[in-house]
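The chains referred to below are lettered A, B, ... by the order of the sequence lines, with proteins before strands, and numbering in each begins at 1.
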2 protein chains.
Amino acid sequence: MEETDWAIHRIAALAGTTSRTLRHYDSVGLLTPSRVAGNGYRHYDQAALVRLQRILLLRELGLGLPAIAAVLEHQESAVAALEAHVGWLRSEQERLARQIASVEETIASVLKGKNIMAENMFDGFDHTQYRDEVEERWGKDAYARGDSWWRGLGATARADWKERQAALNRDWIAAAAGGASASSPGAQELARRHVEWLASIPGTPASAPGGDVRGYVTGLGAMYVADPRFGANYGGEAGATFVRDALALYAEQNL
Amino acid sequence: MEETDWAIHRIAALAGTTSRTLRHYDSVGLLTPSRVAGNGYRHYDQAALVRLQRILLLRELGLGLPAIAAVLEHQESAVAALEAHVGWLRSEQERLARQIASVEETIASVLKGKNIMAENMFDGFDHTQYRDEVEERWGKDAYARGDSWWRGLGATARADWKERQAALNRDWIAAAAGGASASSPGAQELARRHVEWLASIPGTPASAPGGDVRGYVTGLGAMYVADPRFGANYGGEAGATFVRDALALYAEQNL
DNA sequence: GCTTGACCTTGACGTTGCGTCAACCTTTAG
DNA sequence: CTAAAGGTTGACGCAACGTCAAGGTCAAGC
């Protein structure tokens with residue numbers, strides 16, 4: 001009989017890991033000691049060492065402990081597991097690539113003085129979380145249209161568009177807070193700018209050649225009041241009501 | 001006064017996140033409610049909404065909450081923080097690229113029937129954790145030499161080399177277990193194969209033109225006994241002793 | 001026989017960013 | 001009055017250990 005039996009610190013050093021890790025692997029059942037002495041000390045033999053080697057190899061490849069356990073139990077499907085893992089690694093890499101692009105875009109915008117992070121960035125098209133409701137309200141492909149339009153813009157164009165929106169929102173809120181009436185010249189001028197702004201979004205009636213601009217603008221105003229997520233842009237329900245009324249009047253008289 | 005003040009669920013929906021997240025941001029001090037009512041309910045105003053927008057924007061870029069807090073507090077250094085973040089993202093991407101390459105190499109080896117995961121993978125050169133000691137024993141650049149040699153090999157060559165090593169280890173252990181003496185013909189033949197195997201590693205005296213093969217092989221045998229990490233390849237100390245003696249005799253008589 | 005030091009053990013907390021109950025109020029609508 | 005929403009504060013869970021903490025074991029030196 002050889003004395004092929006090491007204390008925990010030994011194989012740890014032998015395999016290039018720590019005793020804590022071995023205890024962890026024991027506790028999760030990934031690698032149990034080949035022998036536990038009466039005093040509770042863990043001992044490992046060559047077979048355990050080989051298994052440990054494999055575990056560490058797979059860990060270096062980025063697999064999680066459950067995945068490693070699975071690979072070691074069902075060695076036949078090891079290749080399939082590894083290939084699935086490569087797929088996951090690739091998707092992670094792509095995600096990182098997108099993040100890098102976004103961050104650099106942001107840096108460039110900030111350097112150009114475009115305060116991307118400065119204003120209210122709310123609107124009905126650029127955020128994905130309302131997909132279902134946007135589709136429900138405006139038709140199945142309204143969301144897709146709005147989204148593709150939005151994604152088609154460069155970072156600068158997006159920033160420009162958002163800034164025009166933010167300016168509009170500010171002015172609407174100021175006008176409402178100032179106690180102006182929806183029919184006042186100031187409110188009507190804002191309505192004109194608002195419609196102009198809407199017309200810059202392709203795919204809506206406001207920008208289509210023979211679109212029902214009037215109905216669209218009136219309906220949109222109603223939505224600002226009905227939906228607090230849009231109404232938020234205008235200072236809440238009261239502000240949204242003001243905007244709706246001004247838009248309705250403007251649409252009736254000018255569109 | 002406007003009623004620009006929303007309940008927690010409102011801004012959550014408004015910003016596309018959850019109330020739990022907002023409570024979390026409150027608890028970590030990243031975003032405190034603009035007002036807390038007598039009943040404990042959190043309320044947020046437009047300023048809070050704007051801040052939340054920025055937080056979520058930065059979060060999408062992959063920044064951690066402490067980093068986000070730092071960026072928002074010191075807006076001047078925002079660009080620097082973002083650039084540092086890009087650097088980290090790039091390093092992560094490189095790490096993933098290396099992992100992908102390794103996993104694919106492993107898959108290819110397994111498919112070729114090379115059981116990379118099947119045998120004892122111990123030797124003095126392929127693992128990095130003994131760098132200090134290898135350098136101490138064999139000189140400052142021994143490690144670097146061994147490592148660069150090893151890394152210069154392709155996956156297939158590595159697997160081949162490891163298999164030859166594993167076969168040698170097996171045979172040594174079998175011979176020692178069989179009770180053979182170090183001077184027996186079997187042991188001496190193993191010693192010959194061992195030296196041959198060593199000679200396949202460039203940068204050692206065994207492969208150098210005028211190297212001190214004799215001293216090298218004898219010293220290596222001593223190390224197998226002295227260091228359990230190497231001795232493990234030969235069935236522990238007894239096995240390593242057998243190998244050392246056989247190598248010493250072989251070196252004396254043939255080198 | 002005792003001390004020292006090295007090594008072992010079993011907890012248990014910390015890490016990152018919330019998701020997900022759980023137990024318990026409040027407010028609002030019917 | 002009651003039920004349905006929605007709010008609150010805990011507290012656990014996740015991944016894989018690092019890092020104390022408190023305390024047993026063992027070989028060696030006095």
**Message:** What's A:Arg23 touching, base or sugar-phosphate or nothing? Going by heavy atoms closer than 4.0 Å.
**Reply:** base
**Prompt:** Looking at side-chain heavy atoms only, is the closest gap between B:Leu58 and B:Leu72 below 4.5 Å?
**Reply:** yes
**Request:** Heavy atoms under 4.0 Å is the rule here; annotate nucleotides 12-18 of chain D 5' to 3' with B where the base is hit, S where only the sugar-phosphate is, and - elsewhere.
**Result:** ----BBB
**Item:** Spacing of B:Ile8 atom CD1 relative to C:dT27 atom P, expressed in whole Å
**Value:** 16 Å
**Asked** When you measure from the side chain of A:Arg51 to the backbone N and O of A:Leu30, does any donor-acceptor pair fall under 3.5 Å?
**Response** yes
**Prompt:** Over how many whole Å does the gap from B:Leu22 atom CG to D:dG7 atom P extend?
**Reply:** 10 Å
**Item:** Step-by-step salt bridge (charged side-chain N to carboxylate O under 4.0 Å, His left out) determination, A:Glu104 to B:Arg90
**Value:** CA-CA 12 Å; A:Glu104 290 188 328; B:Arg90 283 194 199 288; 2.5 Å; yes
**Request:** Find the distance between CG (A:Asp26) and CG (A:Leu22) and round it off to the nearest 0.5 Å.
**Result:** 9.0 Å
**Request:** Could you tell me the separation between the CZ atom of A:Arg10 and the C1' atom of C:dC7, rounded to a whole number of Å?
**Result:** 11 Å
**Asked** Roughly how many Å is it from CD1 in B:Ile11 to P in D:dG7, rounded to a whole number?
**Response** 10 Å
**Message:** For C:dT27 and B:Asn39 - does any side-chain N or O of the residue sit under 4.0 Å from the phosphate oxygens OP1/OP2?
**Reply:** yes
**Carboxylate-amine/guanidinium contact B:Arg35 B:Asp45, below 4.0 Å** = no
**Message:** I want to check one thing: is the phosphate of D:dT8, taken as OP1 and OP2, less than 4.0 Å away from some side-chain N or O of B:Arg42?
**Reply:** yes
**Prompt:** Phosphate oxygens OP1/OP2 of D:dA5: is one of them under 4.0 Å from a side-chain N or O of B:His9?
**Reply:** no
**Item:** Euclidean distance, atom CD1 of residue B:Ile55 to atom P of C:dG17 [Å, nearest integer]
**Value:** 12 Å
**Request:** Would you please say whether a donor-acceptor pair under 3.5 Å links the side chains of A:Arg98 and A:Ser102?
**Result:** no
**Prompt:** Can you check the B:His43 NE2 to C:dT26 C1' distance for me, whole Å?
**Reply:** 11 Å
**Request:** Could you check if a side-chain atom of A:Val50 sits within less than 4.5 angstrom of a side-chain atom of A:Arg54, using non-hydrogen atoms only?
**Result:** yes
**Item:** Gap between atoms CG and P, on B:Asp26 and D:dG10 respectively (whole Å)
**Value:** 12 Å
